[in-house]
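Notes for the one structure printed next.
Naming convention: chains lettered A, B, ... in sequence-line order (proteins, then strands); numbering from 1 in each chain.
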There are 2 protein chains.
Amino acid sequence: MANIRDVAKKAGVSVATVSRVVNKNGYVKKSTLEKVNKAISELNYSPNAIAVSLNNKKTKTLGLILPDITNPFFPELAKAVEEVANQNGYTMILCNSNGLLEKEMEHIEMLERKYADGIILASDSYTEERLKGTDLPMVLLDRGVNPNHSSITANNFSGAVMATKHLLKQGCKKIAHIAGPKNVLTAVDRLKGYQSVVRDSNWYDGDLIIHANYNTKEAITATKKLLEMDSSIDGIFASNDLIAIGCLKAIRSIGWKVPDDIAVIGFDGISLTDLIIPQLSTIKQPVYEMGEAATKLLINEIEVGKKESLFKEFDVTLIHRESTDKRGEINE
Amino acid sequence: MANIRDVAKKAGVSVATVSRVVNKNGYVKKSTLEKVNKAISELNYSPNAIAVSLNNKKTKTLGLILPDITNPFFPELAKAVEEVANQNGYTMILCNSNGLLEKEMEHIEMLERKYADGIILASDSYTEERLKGTDLPMVLLDRGVNPNHSSITANNFSGAVMATKHLLKQGCKKIAHIAGPKNVLTAVDRLKGYQSVVRDSNWYDGDLIIHANYNTKEAITATKKLLEMDSSIDGIFASNDLIAIGCLKAIRSIGWKVPDDIAVIGFDGISLTDLIIPQLSTIKQPVYEMGEAATKLLINEIEVGKKESLFKEFDVTLIHRESTDKRGEINE
DNA sequence: TTGAAAGCGATACCAT
DNA sequence: ATGGTATCGCTTTCAA
């Protein structure tokens, strides 16, 4: 591949001049500009990004660290980040942490060594402590407010309130909650939302809450345990859609009917919820918008600089379908 | 961040020596080695990857170009690529092409400018023609054999044969096929497999084949059209799982029962097939293994060099479940 | 308006 | 066994 000196030689000018026309800065006489442009196109020249980066310490690269790309919630987020990044001339490095703090730190260090310009961190295992060393611009997803980094979240608390109230409205008399992991912020907020609604009901009992990881398999076990313990439960608010799907499977396996015997609602709004039978009611997060906002925020921080940490919270919406409503919206 | 000169100064040696200890090559006296290592850890030094890249023209970066990360088939592929890449010290840039040839070419050019070491291309719109300019190591996924690039595929033809025969074995008397796009190689092979099995049946008719894109929405329309045209169809082989799910939804909306009135089988084996009701029979591709193989092949080509284009085809397996079998394996 | 040359941070060859 | 220095490809002063 041709380099800047080849172009300079071909155009009969200095490399400095070529640099000026490539970057459209500094004074260049019209006629030389044309000569240079001609040489550039003839040699099919395009600047070596590595060399450019070595100078200005910018790589036009963003890192996206996720717990698990195979969790259906994240691909759409990744898509948003990638698209917005591309639109702004950035490229996205994808890192899977598998929820391991260890791996997460390795990824961050690697991104620093490669001089990524910034990081979007969507992590379960985040602890403020460990991020101290890093001075890379970083935007947090689904983490709480914190003085050092901007962050984007959905309104998990109010979503949980909406979900629980919806079950109540559908006539549920005893609502259980399958909560996510205790150390995951979103799970905690959703649990709090649930509790705020049902705490004062006469049927309420701490045993109605059971914890499970954000996946289908554990949710099946948890649901069975719950229903064996108390067969009068007639509504479940699951901390995310994958868990809710586990509920549905467990319920089906013991022969109960949804929503007649028991209603189920999830959280996230992954597209899966629309494909299963019965269609799953859920609280939808605006995933794409969140990814978009995070990326824009990060790029702004990189290019303009950061004055203060911003905290942006997105509203969620109730989507009621067959799993809670006898006459839900059925999108065939 | 400290650079190599800081370390050299602190250790009282030259940068050349520091470089030697960092790269563990050349002779270094034990005592100086210790001095240097001490300085390195005290300064928390780690080599600037950009500078290294400028020298050796290697960035330890791989590009993965996908049609669409939100298609559930791809996240697992991406995960495999990312993991294997990481294990070998590489980093993965994710690019979404949206199936647009245009975008794909832009991504390839960008990866070249950033000096990615190689590319894994999983693309619908690939044409040999357009790849001519590129001399980056590249491994193709789901593209046919071709002289210039190694490639990885699943055995789509024989999978389609298995799927179709399974429907026959379950007692289907008239099997339709919802094929994928005509220009997509996997779709074409699956269509051929279907045809090879049913071509000589007395009920066979070209009208039993209908094309749709690899998504649920179009499949719903296609299925309805098919069943309106010929209500004696009692089996559908869908070109992928997303299409098969569309079939299921369409069938449900007109009140037919699966598998009693009509059986459905898909292709790919995405995890979704296990979560829906009825559970979907499918032909499972070993996605993770395919991603793994592609990445290893690519890295080998990068580091060892390529002698010839390799063509590796993976076997697929039949997973029969409720959508075709009255007594399928029910994994609850 | 243009060019020469000093970096950016590392590697590797050539001396010593 | 160690050090000096040219080099990778580009940007950016400083002079002219």
Side-chain angles (χ1 to χ4, degrees), chain A residues 1-40 43-61 89 109-117 303, chain B residues 1-40 43-61 89 109-117 303:
Chain A
M1 233 158 79
N3 66 25
I4 198 171
R5 254 173 292 120
D6 300 327
V7 176
K9 197 178 298 169
K10 181 143 200 157
V13 298
S14 74
V15 296
T17 302
V18 177
S19 176
R20 285 190 195 98
V21 349
V22 169
N23 299 295
K24 303 185 197 317
N25 62 11
Y27 301 98
V28 182
K29 212 203 305 175
K30 195 162 187 185
S31 63
T32 43
L33 184 128
E34 279 158 7
K35 271 191 304 187
V36 172
N37 276 138
K38 184 152 166 285
I40 286 177
L43 292 172
N44 199 250
Y45 167 76
S46 126
N48 179 325
I50 304 292
V52 175
S53 294
L54 187 56
N55 272 291
N56 59 201
K57 274 105 173 50
K58 296 245 169 286
T59 53
K60 289 277 181 181
T61 301
E109 279 159 21
M110 182 235 79
L111 289 168
E112 282 184 304
R113 242 177 307 122
K114 288 213 172 177
Y115 275 72
D117 297 332
E303 298 184 348
Chain B
M1 234 158 80
N3 64 25
I4 198 170
R5 253 173 294 121
D6 299 328
V7 177
K9 197 178 297 170
K10 181 144 202 154
V13 298
S14 74
V15 295
T17 301
V18 176
S19 177
R20 283 188 197 99
V21 348
V22 169
N23 298 295
K24 303 186 199 315
N25 61 12
Y27 304 96
V28 181
K29 212 203 306 177
K30 198 162 185 182
S31 64
T32 45
L33 183 127
E34 279 158 7
K35 269 192 306 188
V36 173
N37 276 137
K38 183 152 166 286
I40 287 177
L43 293 172
N44 199 251
Y45 166 76
S46 127
N48 179 324
I50 304 292
V52 175
S53 294
L54 187 56
N55 271 291
N56 59 202
K57 271 104 173 53
K58 296 249 169 285
T59 52
K60 289 279 181 177
T61 302
E109 279 160 22
M110 181 235 81
L111 289 168
E112 282 184 304
R113 241 175 308 121
K114 288 213 172 176
Y115 276 72
D117 297 332
E303 298 184 348

Checklist outcome for this item: For A/P47 and A/V52 the tightest heavy-atom approach is CB-CG2, 4.3 Å
Next on the checklist: Within the 4.0 Å heavy-atom criterion, would you say A/N56 contacts the bases, only the backbone, or no part of the nucleic acid?
Outcome noted: nothing
Item to check | Closest nucleotide among D/dC10, C/dG3, C/dA12 to the A/S14 side chain | outcome: C/dG3
Checklist entry - Can any side-chain N or O of B/N23 pair as donor or acceptor with the backbone N or O of B/N25 at less than 3.5 Å? => result no
Next on the checklist: When the axes are fitted on five pairs at both termini, how much does the helix from C/dT1-D/dA16 to C/dT16-D/dA1 curve, in 10° steps?
Outcome noted: 50°
Checklist entry - Over how many whole Å does the gap from A/R5 atom CZ to C/dA4 atom C1' extend? => result 14 Å
Checklist entry - When the distance from NZ of B/K57 to P of C/dG9 is rounded to whole Å, what number comes out? => result 18 Å
Item to check | A/R20 to A/G26 - nearest heavy-atom pair and separation | outcome: CD-CA, 4.2 Å
Checklist entry - With no angle test and no hydrogens, is the base of C/dA10 tied to the side chain of B/N55 by a donor-acceptor pair under 3.5 Å? => result yes
Item to check | Reported CG-to-CG distance for the pair A/N3 and A/L43, which is rounded to 0.5 angstrom | outcome: 9.5 Å
Item to check | B/N3 CG to C/dG9 P, straight-line distance once rounded to whole Å | outcome: 5 Å
Checklist entry - If only side-chain N and O atoms of A/T17 are considered, is one of them under 4.0 Å from the OP1 or OP2 phosphate oxygen of C/dG3? => result yes
Next on the checklist: Quick check for you: among C/dC8, C/dA4, D/dG4, whose closest atom lies nearest to any side-chain atom of A/A16?
Outcome noted: C/dA4
Next on the checklist: What contact category does B/Y115 fall into here, base, sugar-phosphate, or nothing, at under 4.0 angstrom with non-hydrogen atoms?
Outcome noted: nothing
Next on the checklist: Rounded to whole Å, please give me the gap between CZ in B/R113 and C1' in D/dC10.
Outcome noted: 15 Å
Checklist entry - Are the side chain of B/D117 and the backbone N or O of B/T59 linked by a donor-acceptor pair below 3.5 Å? => result yes
Item to check | Beyond-backbone contact of B/K60 with A/K114, side-chain heavy atoms, under 4.5 angstrom | outcome: yes
Next on the checklist: Whole angstroms only, please: what is the CD1-C1' distance between A/I4 and C/dT2?
Outcome noted: 14 Å
Next on the checklist: Tell me which pairs pass side chain to side chain donor-acceptor pair (under 3.5 Å) where either residue lies in residues 28-37 of chain A, with sequence neighbours left out.
Outcome noted: none
Checklist entry - In whole Å, what is the span from the CG atom of A/N48 to the C1' atom of D/dT7? => result 14 Å
Next on the checklist: So B/V13, base contact, sugar-phosphate only, or nothing? Heavy-atom distance under 4.0 Å.
Outcome noted: sugar-phosphate
Checklist outcome for this item: Taken to the nearest whole Å, NZ/A/K58 to P/D/dG9 is 24 Å
Checklist entry - Closest heavy-atom contact between B/I4 and B/V15? => result CD1-O, 3.7 Å
Next on the checklist: With no hydrogens and no angle check, just 3.5 Å: does a side-chain donor-acceptor pair link B/N48 and A/Y115?
Outcome noted: yes
Checklist entry - Is there a residue in residues 25-33 of chain A whose heavy atoms reach under 4.0 Å of DNA chain C, and which residues are they? => result A/Y27, A/V28, A/K29, A/T32
Checklist outcome for this item: Atom CG of A/N23 and atom C1' of C/dT2 are separated, to the nearest Å, by 16 Å
Item to check | Minimum side-chain heavy-atom gap B/I40-B/V21 below 4.5 Å | outcome: yes
Item to check | Distance test, side-chain N/O of B/S19 to OP1/OP2 of C/dT11, below 4.0 Å | outcome: yes
Checklist entry - Which sits closer to the 5' end of DNA chain D, B/L54 or B/R20, going by the nucleotide each is nearest to? => result B/R20
